[in-house]
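Presented below is the structure to which this report refers.
If you're wondering where the values come from, they're calculated on a predicted model, not measured in any experiment. Each chain gets a letter, A, B and so on, in the order the sequences are listed, and its residues count up from 1.
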Amino acid sequence: MASDRGEEAELAKAYRPVDVEPGIFQRWLDADVFNPDGKGSRADWSKQPFVVIQPPPNVTGSLHLGHAQRSTVEDIMTRHARMQGRPSLFLPGLDHASIAAQYVLDKRLATKGETRQSLGRDKYLEAMWEFVRETRETILSQQRSVGASLDMSRLRFTMDEVSAAAVREAFVRLFREGLAYRTEALIHWCPGCRTSVSDLEVVPKETTGSLWTMRYHLVDESTGAADPDAWIAVATTRPETLLGDTAVAVNPDDPRYTALIGRQALVPFVNRPVPIIADSVVEMGFGTGAVKITPAHDQNDYDTGKRHGLPMITVLDDTAHINENGAQYAGLDRFEARKQIVAALEGQGDLESIKAHEMMLGRCQRSDDVVEPRLKTQWFIRVAPLAAAALEATRSGKTQILPERFVKVWEHWMTEMRDWNVSRQLWWGHRIPAWYCPDGHTTVTADPAGPPACEVCSRPVAELRQDDDIFDTWFSSGLWPFSTLGWPQKTRDFERFYPGSVMETAYDIIFFWVARMMMLGIHLTGEAPFHTVYLSGLIRDPYGQKMSKTKGNSVDPLETISEVGADALRFALINGSAPGNDSKLGPEKIENARNFANKLWNVARFVLGAKPGSIPDGATRQLPDREKLGPADRWILSRAAETVAAVDRAMALYGFGDVSQILYEALWNEYCDWGVELAKIRLADESLSASEREATWWTLVDALDTYLRLLHPTMPFVTEAIWDRLPHTAGDPKLLIVADWPIVRSDVMDATAESEVASLIDLVRAVRNARAEAKIEPAAWLPVEVYVPESLGPTFEALRPAIERLSRARPLTRSAGVGAIRQGAEGGLSVIAGDIEAMVRPAAKDEAQEERDRARLERELAEAQGLLAASRARLANEAFTSKAPAAVVDGVRARTAELEELVARLAQRLS
RNA sequence: GGGCGGUUAGCUCAGCGGUUAGAGCGCCUCGUUUACACCGAGGAUGUCACAGGUUCGAAUCCUGUACCGCCCACCA
């Protein structure tokens, strides 16, 4: 393709992404430009490296729109930095996603009649590795199809050896510092996944349950037996846990129960006498005001139990069946046990009532099973000191959170966070490097071979037993920004690329991931892992719902890419979206983006095809000689320079949506609609010298070159394809991806050209408007007389052929004064555009047409008068003139004068 | 229960203290001028949710209200 450069490249009439994109990606790969150390890299190592951190997608996953959007944002930042010459790293990776991967694999095994348990740990892990080998390429290739310029030479997987070493090292350090500890505590248990999960993995869901009110008979103090006539009624949503009850609690201030405090109640079925205790957690107004306390199966009760030193009786096993402590209910599933217990209570007359009850029920994020609080011995990370350091980093500005409104959420959460349970009773993940000896000592080591012996009593390793559990996936994800760079080794990459620049992710994993990276990163490396946290919004369907395959409302990014191309998809995902805001993506938006890609493609076709024959093929691009330029040329160059400045400003604020909008408007409304249209006429103007026509063409090329550079991060494929065919300067690299980001060229900024050309564009618009409103045959050429102020004369003359053609004016005559035009107004269409006045002369007298024109002028007059009145009223307001800034007051004065002038002119035309 | 967003043209959204509130789509009228009908020219459409307040000036800032959405929270 490179060899086509300069030749008359035949381009398809419509932009066809399929013809263009695969080849381009391959060219980038061949040139080795994604790797900042690659042979095609033009990285300037004296500049601050740019490192974007992406959440590594799940190995078993496939691309959805959320990924596509994030990859796009990350890629835009990376490409932008790369073009600025900064060594830029966009590191690809995969997450092993313990629980999610096991969930998927288990389902798969189930179709073959196998289970995790039937295979056993080793076989299961083998199966997992095999599975992961199959799936891992999918998501990576999908990311590439969006155009993500990932440096594949640095691909990392959270289960690779580098990551494993980091996990062990991190854990050992935390353990030695007392920040990792093992204890029995109440944790969330998912009976479906058969593992504990962290607080975050429990999703509370609105559920209609029942509130059962049941009687616990009091223990007769003299006989020690249940008193059939005395009871305390308790309300519960979980009757089956009564098997594990060890108290009944009432509020100490509740007069109804004061007399009962200190007495014993008998738990049904298990016939356990338990104390009636007083605790202020009990709400007097709820239920009966008396609560059964099951410390081993409820967070609240656990706390109450701790406060009162109550026994904790576990009645559920790993599969949520009643265990041996459940008397006759042992072996029953929790819900079956509930049913039977309720029935039994009712049978013995101890069930007072059943009421429907709205409540929040915790379910497993992964399997949707109802999560069971229960006691387990697990490893925890002491979070308070880590969170404090993370908070310090955001408060001091070492790490900035965008958009800012998330800071409050962040602060709140980091302040309230409970210790993090990192043990998982799963197999796919990093096994906890802790060994226990029969004497109860714990030995922890980073050595992959394990410890030689118990570090307390020196028992040989053979007598030690390694912890069966693995770490929560987020523990290894939390090390991602540095484990990927080889930490704890002081590698070259770690030195150069840590800490990262921007961490990009959707706001829904701010706690799961961002918080953990911050805490672990600061603690283990001494530095916050990134300077900026950029939080993206979620992509929703056109109805604002989360997309999901089961709902059938999901847009498949790959399908979209095959239809409209990655560029259009990227543009659609970025345009009109603001950081942290959810955005909706429907077919219209994608179509609009596709149209934009096509527009760009076609204007490039035009420019390439319009090359004057006097310019040899393969000529080097040069900035045209300013002397040879027409006003429209100066205008377009100036507009392009202004656009560079505007894009730079938006980029600095991470306003990628703004960037896309600025470029959309500049390219379509300015460059295509006027720049190219004006240039066409000049290019065909035989009265100009060849060098002048060449200068106009070079201007088009120059501005297009600028726009392509600016647009490249957002739409890498089309821009690369077009740029390839455009003439280049000697210093240009072969590929746009490594070309220099445009600098703001103040030397081509030209305020005079901008305002003069804008005035004449307004004139053309006004003439067109008058003609259309009067319903004049669009194709008709009509004589137009025009008056332009003296100062505009030269520009007007230079653009005369263009104005003629674009406003279909023939002949276009210039009148010496306004008066002359106004005098001959009879039957003509009056046009006022700023300082310029014109008169369009229809071929024949047409009463209806005149009437329509008059109506138009009257409307314009009324409008101008309204505005004038408003302006005058403002100036008449003493408070305004004295208090508003001088510039604003002057602006209104000038505006008023203009309006007065306009009103006078319109009135004169109508008289 | 606490917190955070949102409420702007028929639809989706941008604008977040200063002239006449914008875009895309849709709609209406025209149009095959040799880049583009995935196009061009022109047009219509808004008490910027509501009520107060601050200000010379409010869609924009403050307070409250109403809906909608999300996040956090141990009423069993």
Side-chain angles (χ1 to χ4, degrees), chain A residues 11 13-15 204 211 234-238 241 249 281-283 285-288 290-294 298-304 357 359-360 373 405-406 408-409 412-413 416 507-508 510-511 538 542 544 564 568 575-578 580-589 591-610 657-658 661 664-665 669 672-673 676-677 680 684 764-765 768-773 775-779 805-806 808 863-864 866-867 870-871 874 877-885 887-889 891-892 894-896 898-899:
Chain A
L11 300 186
K13 190 167 171 182
Y15 173 62
L211 185 67
V234 298
T236 182
T237 56
R238 304 210 50 195
T241 61
V281 285
V282 181
E283 298 268 337
F286 187 86
T288 61
V291 186
K292 62 193 263 324
I293 301 296
T294 324
D298 180 277
Q299 185 61 49
N300 232 348
D301 294 2
Y302 177 77
D303 296 340
T304 308
H357 181 59
M359 58 182 182
M360 295 301 254
R405 79 183 115 93
F406 285 99
K408 209 163 173 176
V409 186
H412 177 253
W413 201 76
E416 303 286 310
Y507 63 75
D508 59 344
I510 180 167
F511 307 132
L538 271 23
V564 300
N575 190 43
S577 80
N581 283 3
D582 292 354
S583 50
K584 295 174 193 163
L585 187 72
E588 303 84 11
K589 229 173 155 176
E591 207 170 295
N592 182 234
R594 190 264 326 254
N595 293 353
F596 180 54
N598 185 59
K599 187 76 181 177
L600 174 60
W601 182 254
N602 274 297
V603 78
R605 284 202 316 136
F606 168 77
V607 170
L608 288 168
D658 295 340
Q661 192 58 32
Y664 182 94
E665 284 168 9
N669 304 338
C672 292
D673 289 352
V676 166
E677 292 307 320
K680 272 181 187 171
V764 171
R765 280 211 182 98
R768 282 170 170 176
N769 177 307
R771 290 173 52 121
E773 294 252 342
K775 295 191 195 291
I776 285 175
E777 177 68 23
R805 177 147 156 208
L806 298 176
R808 293 191 91 73
E863 201 176 311
L867 294 170
S871 271
R874 289 182 79 187
N877 182 357
E878 219 286 311
F880 172 69
T881 48
S882 63
K883 290 188 182 175
V888 173
V889 178
V892 176
R895 180 71 187 142
T896 309
E898 267 172 45
L899 285 166

Just the table, please: protein N/O against nucleotides 7-9 of chain B N/O, every pair under 3.5 Å.
none

Separation between CE (Met359(A)) and OG1 (Thr237(A)), nearest 0.5 Å, reads 5.0 Å
Same-atom distance (P) from rC61(B) to rU19(B), integer angstrom: 16 Å
Expected rows: protein N/O vs nucleotides 72-76 of chain B N/O, under 3.5 Å:
unit_1  : atom_1 : unit_2    : atom_2 : d
rC74(B) : O2'    : Asn300(A) : ND2    : 2.8
rC74(B) : O2     : Asn300(A) : OD1    : 2.5
rC74(B) : O2     : Asn300(A) : ND2    : 2.8
rA76(B) : OP2    : His357(A) : NE2    : 3.3
rA76(B) : N6     : Glu283(A) : O      : 2.9
rA76(B) : N6     : Phe286(A) : O      : 2.9
rA76(B) : N1     : Glu283(A) : N      : 3.1

CA sep, side-chain torsions, deciding dist, call: Val281(A), Thr304(A), side-chain contact (heavy atoms from CB on, under 4.5 Å): CA-CA 8 Å; Val281(A) 285; Thr304(A) 308; 3.9 Å; yes
Using side-chain contact (heavy atoms from CB on, under 4.5 Å), reason through Val892(A) and Phe880(A) one step at a time and then give a plain yes or no. CA-CA 11 Å; Val892(A) 176; Phe880(A) 172 69; 3.9 Å; yes
Answer yes or no: is there a side-chain heavy-atom contact under 4.5 Å between Asn592(A) and Glu588(A)? no
Any donor and acceptor pair, going by atom type alone, linking the side chain of Arg768(A) with main-chain N or O of Pro778(A) inside 3.5 Å? no
Provide the Watson-Crick or G-U wobble partner of rA23(B), both distances under 3.5 Å; none if there is no partner. rU12(B)
Nearest whole Å is fine: how far is rG17(B) P from Phe880(A) CZ? 18 Å
Please determine if a side-chain N or O atom of Asn581(A) lies less than 4.0 Å away from the OP1 or OP2 oxygen of rA14(B). yes
Report yes if some heavy atom in the side chain of Arg765(A) is under 4.5 Å from a heavy atom in the side chain of Asn769(A); otherwise report no. no
What integer number of Å spans the P atoms of rU47(B) and rG5(B)? 27 Å
Determine the interatomic distance between C1' on rG22(B) and the same-named atom on rG3(B); round to the nearest Å. 32 Å
Nearest-0.5 Å distance, CD of residue Glu591(A) to NZ of residue Lys589(A): 14.0 Å
Nearest-angstrom distance, C1' atom, rA44(B) to rU33(B): 27 Å
side-chain contact (heavy atoms from CB on, under 4.5 Å) against Ala568(A), all qualifying residues, sequence neighbours excluded: Val564(A), Ala593(A), Arg594(A)
Classify the nucleic acid contact of Arg771(A) as base, sugar-phosphate or nothing, counting any heavy atom under 4.0 Å across all strands shown. nothing
Once base and sugar-phosphate atoms are separated, protein heavy atoms under 4.0 Å mark nucleotides 58-63 of chain B, 5' to 3', with B, S and - as ------
Just name whichever nucleotide pairs with rA49(B), Watson-Crick or G-U, keeping both distances under 3.5 Å, else none. rU65(B)
Would you kindly give the OH-to-C1' distance between Tyr664(A) and rG24(B), to the nearest whole Å? 6 Å
Any strand, both distances under 3.5 Å, Watson-Crick or G-U wobble: rU32(B) pairs with none
Taking rU20(B), rC56(B), rC71(B) as options, the one with an atom nearest any side-chain atom of Glu863(A) is rU20(B)
Over how many whole Å does the gap from Lys883(A) atom NZ to rG17(B) atom C1' extend? 16 Å
Protein-nucleotide distance (Leu585(A), atom CG; rC25(B), atom C1'), rounded to Å: 13 Å
Mark yes or no for whether Arg771(A), through its side chain, and Arg808(A), through its backbone, hold a donor-acceptor pair below 3.5 Å. yes
State, yes or no, whether a side-chain contact exists between Leu867(A) and Arg895(A) at a heavy-atom distance under 4.5 Å. yes
Protein and nucleotides 34-39 of chain B: nitrogen or oxygen contacts under 3.5 angstrom:
unit_1  : atom_1 : unit_2    : atom_2 : d
rA35(B) : OP1    : Lys680(A) : NZ     : 3.2
rA35(B) : O2'    : Asn602(A) : OD1    : 3.0
rA35(B) : O2'    : Arg605(A) : NH2    : 2.7
rA35(B) : N7     : Lys680(A) : NZ     : 3.1
rA35(B) : N6     : Cys672(A) : O      : 3.4
rA35(B) : N6     : Glu677(A) : OE2    : 3.1
rA35(B) : N3     : Asn602(A) : O      : 3.4
rA35(B) : N3     : Val603(A) : N      : 3.3
rC36(B) : O4'    : Asn602(A) : OD1    : 3.3
rC36(B) : O2'    : Asn598(A) : ND2    : 3.2
rC36(B) : O2     : Lys599(A) : NZ     : 2.9
rC36(B) : N3     : Lys599(A) : NZ     : 2.9
rC38(B) : O4'    : Arg594(A) : NH2    : 3.4
rC38(B) : O4'    : Asn595(A) : OD1    : 3.0
rC38(B) : O2'    : Asn598(A) : ND2    : 2.7
rC38(B) : O2     : Arg594(A) : NE     : 3.1
rC39(B) : OP1    : Asn595(A) : ND2    : 3.2
rC39(B) : O3'    : Lys599(A) : NZ     : 3.1

rC28(B) and rC62(B), which share atom name C1', separated by this distance in whole Å: 43 Å
Output the rounded distance in Å from CG (Asn592(A)) to C1' (rA14(B)). 14 Å
Quick one: label Arg405(A) by what it contacts on the DNA or RNA (base, sugar-phosphate, nothing), any heavy atom closer than 4.0 Å. sugar-phosphate
Atom CZ of Arg768(A) and atom C1' of rG31(B) are separated, to the nearest Å, by 12 Å
Opposite nucleotide pairing with rC70(B), Watson-Crick or G-U, both atom distances under 3.5 Å: rG3(B)
Side-chain heavy atoms of Asp508(A) within contact of Leu538(A), under 4.5 Å: yes
Look at all strands and tell whether Gln661(A) reaches a base, only sugar-phosphate, or nothing, counting heavy atoms closer than 4.0 Å. sugar-phosphate
Got a second to check how far Leu600(A)'s CG is from Asn595(A)'s CG, nearest 0.5 Å? 12.5 Å
N/O to N/O distances under 3.5 Å, protein versus nucleotides 44-49 of chain B:
none

Taking the six-membered ring of Tyr664(A) as reference, does the cationic atom of Lys599(A) (NZ for Lys, CZ for Arg) lie under 6.0 Å from its centre and within 45° of its axis? no
Taking the same atom, P, in rG6(B) and in rC75(B), what whole-Å distance lies between them? 28 Å
Mapping Thr881(A) and Glu777(A) to their closest nucleotides on RNA chain B, which lands nearer the 5' end? Glu777(A)
Rounded to whole Å, CZ of Phe406(A) lies from P of rG5(B) at a distance of 9 Å
Length of the CZ-C1' vector between Arg895(A) and rG57(B), whole Å: 17 Å
Side chains of Lys292(A) and Asp301(A) in contact at under 4.5 Å (non-hydrogen atoms): no
Would you tell me whether Asn877(A) and Arg874(A) have side-chain atoms, one donor and one acceptor, within less than 3.5 Å of each other? no
What's the gap between rA9(B) and rG15(B) when it is taken at their C1' atoms, as a whole Å value? 14 Å
Would you measure the distance from the C1' atom in rG46(B) across to the matching atom in rU20(B) and give it in whole Å? 14 Å
